[in-house]
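Data block below; observations after.
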Amino acid sequence: MVQLNQMLRGQTGRIIKIDSKKKSISRLAAMGFVPGTDVKVVGVAPLGDPIIVEVGTNQVSLRRDDASALAVERD
Amino acid sequence: MTTTQDQVTTSAQRPVHVALLGNPNTGKSTLFNRLTGIHQRVGNYPGVTVEKKLGTVGINGKPVTFIDLPGTYSLAAESADEKVVLDVLNGLVEGIPKPDIAVCVVDATNVKRNLFLASQVAESGIPMVIALNMTDEAKKQGFWVDAAKLSLHTGVPVVNMVASKSQGLRDLKAAIENVSKNKQKMVTVEWPNTVHDATQILKDELNSFATTQVTDLELRRMLFDEDTILTDRFNCSEDIFNTALEKARGHMVGAELHPSSAEAVLQYAHIDTLIDGVIEKVSESKRTITQKVDFFLTNRFLGLIFFLLIMFVVFQSIYTWAGPAMDLIESLTGLVAEPVAGLLEATPTLQSLVVDGIIAGIGSVVVFLPQILILFFFISLLEDSGYMARAAFLMDKLFSWCGLNGRCFVPMLSSYACAIPGIIGTRTIADPKARIATIFVAPLMSCSARLPVYVLLISAFIEPYYGPTVAALTMLAMHLVGLMIALPIAFIVNRIILKTKAQPFVMEMPPYRRPQLRDVIWRMWHRGKSFLKDAGTIIFAMSIIIWAMLYFPHGEHVAQETTKSFITQVASDQNITKEQVIAQLEAEDSELADRLDRRISAAYVEQSIMGRIGKTVQPIFAPAGYDWKITVGILSSFPAREVIIATLGIIYELGDEVDEESDSLKDSLKASTWQHGERKGEPVFTPLTAIGLMVFFALCAQCGATIAVAAREATTKLAIIMFFYMTILAWIGAVAVYQIGSLFV
């Protein structure tokens, strides 16, 4: 199990837990980052942050700090 | 069936109100434009800069009013956009009755996430139609959405559409008619008892403070949202509200349901049942065009190069390409002014009011239009094509440390051409706090109106002494000083004054789409129109006030006394009689008469309200090394900074036709000496004064239009604070340069 912000470009996995104490998780959750959803890191910005994550059929950019709220089981 | 009949007749009397809702990038606004065409009324919701768009059309002879609500991912009431959606759904916005029907626009390529909002809206109890948009793209991506089955599961009509191609409009209208009769409501999520109990706790604690009928939907929003802005629903102290909220949330946490994630988890579980068997794969999904393009455009190197290229074009367009249109407006103003001035020759005060006040005032408003239209042309293209999100993604890291985000880049860049389009362009920043902070610092970017001041001072005081390299470096430094100060100021405002916690920056990367020219032009037009209407009137009023301050009191004796002393002076200089001087003055094409006219103009400025204020406040600017002439120049350029050149021209008796290239103006500046005080006889301008003055111009809020636009786009309070902080900053900068520099020179 890793945090989403630690995954490298191209890696895939499945969200298993949301850290409810983190700020902004309701935003993430509304965008489809809920347990059971498949994710894939598809892009990294030139300065290393933010990252683009494919969640379901969506591509979403989020900062590493926000991504750390999501625990992922890697494929 | 008599009741249904009755309802139909009553509803025929007033329009059926249909709210259009949906996620951003679902083609909702395109649908609204296709439905209402030219029958739109665009304005703002009271107190916020959320655009209010209404349009009334007839469907089968019955009037239907569509309300285009801002695109949101959720009903979470944390931003102004979201609160407007919730307020409209609850019928709390003046002039807009509670909608009879909600049309939820659902992107067919992204049904699951789009239904999240629809499912939240369903809880309002408003009858609903689901507009399944962009079905053509879904097909391209290899799947098909079974509208009939989705309709069966949700309990409301589902209409297949491609709004951009006007497909499905008739079906949608039929579905709206159907729902207005039969009132179908979407199946809502079943909340577990814990949520009901927590809602009840909140209700019990706060009900006695309620300002309106607070619905369960609203109570649940307060429960689920981290930073709810629905506090206006209760007339109680923040403490009472927060205590009640904590108690209700505590109840949920006690039952292992965390308030901030519970909603999404439960809603998505509910949505999974709604879309069970609805989305069918018809062909193997292939890598979409978007994915292929993104491979390059979000790439660390190629993406950056492409980004710089695009931004160069955007910047050039407002910085350079708007030039001819702006020149045209200026010469048109001149063309109008000339005959009018001739007509009013007999009444000089009226002539000056109409020509220098009214016509110049209108010109000073309209002159911004080309830049605004061009910027919004590009912003619309970038937004509608989906590239704006990529640009924000690439740039985010540069801005995140000071509480801004990647979406602030384009408005900031535009502000380098002109802060007016830049500030209006902040509407693309979704995070309201980042938007306010961007408006607050955008005028520090060195706009094109500062350029003439730099050119004049650098070519007069830097280049002759230090050479072209230092001159070029000075020019560069002047363009960077604002940026270097802007980001730390954003940091201070966000983190120290407002104590804003780091805001999440979660942004959808929408698929690339071909922008519809129709929609692009539509947006340009509305943006331009609202600028003329809202900010234009304020800018115009300010021009009139400044004109009056430079014109009045305009006593006749000023001209007489100036003429008298001029004749005496010329007579003694040239050793001729006063009569000979007068004869020279009366000769045709007399150069002497021109000189006299210019001196009278200068005397009038000196005697005007502005001139007197300039002399009075000069001591404030003395630490920066400015005499009263520079002070009046600075004061008169508060409405528009480039005015200083014309004002200096008048004060130095060169007339107002000078520009930054004029050698006569440069020579006058160099020859200007102190007339009183301990430095009497020394030159006013040194390279140090010049650099200080440039820093002053780089930092000062000398633009009435910017202040007016900031007041419209944010709040009047923010505009006032902006004016003072920039002006004080400019003074500190100029004094620091002069005083510290004096220690070394």
Side-chain angles (χ1 to χ4, degrees), chain A residues 1 3-5 7-12 14-73, chain B residues 72-76 78 107 109-113 116-117 120 141 143 224-227 253 258-265 267-269 272 279 285 290-291 294-295 298-301 303-304 307 389-390 392-398 400 405-406 501-511:
Chain A
M1 192 179 90
Q3 286 172 305
L4 179 58
N5 61 325
M7 286 169 65
L8 303 174
R9 189 180 174 138
Q11 288 181 338
T12 57
R14 174 180 291 228
I15 298 172
I16 46 172
K17 205 168 151 281
I18 314 181
D19 177 359
S20 303
K21 283 177 217 71
K22 280 289 259 193
K23 180 107 185 137
S24 85
I25 53 156
S26 61
R27 297 258 156 208
L28 289 175
M31 293 289 274
F33 289 94
V34 287
T37 316
D38 290 333
V39 287
K40 179 183 181 185
V41 177
V42 293
V44 178
L47 294 167
D49 192 22
I51 54 176
I52 300 179
V53 177
E54 194 174 274
V55 50
T57 51
N58 267 314
Q59 305 238 333
V60 177
S61 147
L62 69 166
R63 290 184 184 153
R64 288 186 187 271
D65 184 47
D66 296 326
S68 69
L70 301 163
V72 177
E73 190 175 54
Chain B
T72 59
Y73 294 105
S74 152
L75 281 191
E78 294 175 344
D107 173 0
T109 66
N110 219 330
V111 174
K112 186 171 171 179
R113 199 207 57 213
F116 184 77
L117 178 71
Q120 288 180 321
Q141 288 179 28
F143 55 87
F224 296 142
D225 302 341
E226 283 158 279
D227 292 312
V253 176
H258 197 282
S260 51
S261 58
E263 184 196 17
V265 172
Q267 284 284 19
Y268 275 111
D272 277 335
I279 299 164
S285 65
T290 294
Q291 282 164 328
D294 258 346
F295 183 78
T298 61
N299 178 285
R300 285 182 158 195
F301 306 103
L304 217 48
F307 169 81
R390 274 74 183 181
F393 161 76
L394 292 170
M395 285 297 111
D396 181 58
K397 185 74 183 170
L398 282 182
S400 59
N405 64 50
K501 289 179 208 122
Q503 290 293 307
F505 186 56
V506 183
M507 178 177 58
E508 185 186 5
M509 297 276 125

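Note on naming: letters A, B, ... go to the chains in the order of the sequence lines (proteins, then strands), and numbering restarts at 1 for each one. Small disclaimer: the values here were computed from a predicted structure and weren't measured.
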With a 4.5 angstrom heavy-atom cut-off, which part of B/T109 approaches chain A: side chain, backbone, both or neither?
backbone

If you count heavy-atom pairs under 4.5 Å between each of B/R390, B/Q267, B/E508, B/Q120 and chain A, which one has the most?
B/E508

Minimum heavy-atom distance between B/K397 and A/D49, given as atom pair plus value:
CB-O, 3.5 Å

Is B/F393 in contact with chain A via its backbone, its side chain, both, or neither, using a 4.5 Å heavy-atom distance?
both

Chain B contact via A/P50 - side chain, backbone, both or neither, heavy atoms under 4.5 Å
both

Does some side-chain heavy atom of A/R63 sit less than 4.5 Å from a side-chain heavy atom of B/N405?
yes

Of all heavy-atom pairs linking B/Q291 and A/E54, the shortest is NE2-OE1, 3.2 Å

Say you draw a straight line from CD1 of A/I51 to CG of B/D396; how long is it, rounded to the nearest 0.5 Å?
12.0 Å

Can you tell me which portion of B/S400 sits under 4.5 Å from chain A's heavy atoms? Options are side chain, backbone, both or neither.
both

When heavy-atom pairs shorter than 4.5 Å are enumerated against chain A, which of B/F301, B/F224, B/F116 gives the highest number?
B/F116

Distance in Å, A/R9 CZ paired with B/T298 OG1, rounded so as to fall on 0.5 Å steps
6.0 Å

Roughly how far apart are A/N58 CG and B/M509 CE, rounded to 0.5 Å?
11.0 Å

With only heavy atoms counted, which part of B/L398 is less than 4.5 Å from chain A, the side chain, the backbone, both or neither?
both

I'd like to verify something: which residue of A/S61, A/A29, A/S26, A/A45 has the highest number of heavy-atom pairs under 4.5 Å with chain B?
A/S61

A/A30 and B/R113 have their tightest heavy-atom pair at O-CG, 3.7 Å

At a heavy-atom separation under 4.5 Å, does A/V34 approach chain B through its side chain, its backbone, both, or neither?
side chain

Using a 4.5 Å cut-off on heavy atoms from C-beta on, say whether the side chain of A/P46 contacts that of B/L394.
yes

What is the distance from atom OG1 of A/T57 to atom CD of B/Q141, rounded to the nearest 0.5 Å?
7.5 Å

Side chain, backbone, both or neither of A/I18 within contact of chain B (heavy atoms, under 4.5 Å):
side chain

Shortest non-hydrogen contact from A/M31 to B/Y268?
C-OH, 3.9 Å

Pick one of side chain, backbone, both or neither for A/V42, based on which atoms fall under 4.5 Å of a heavy atom in chain B.
neither

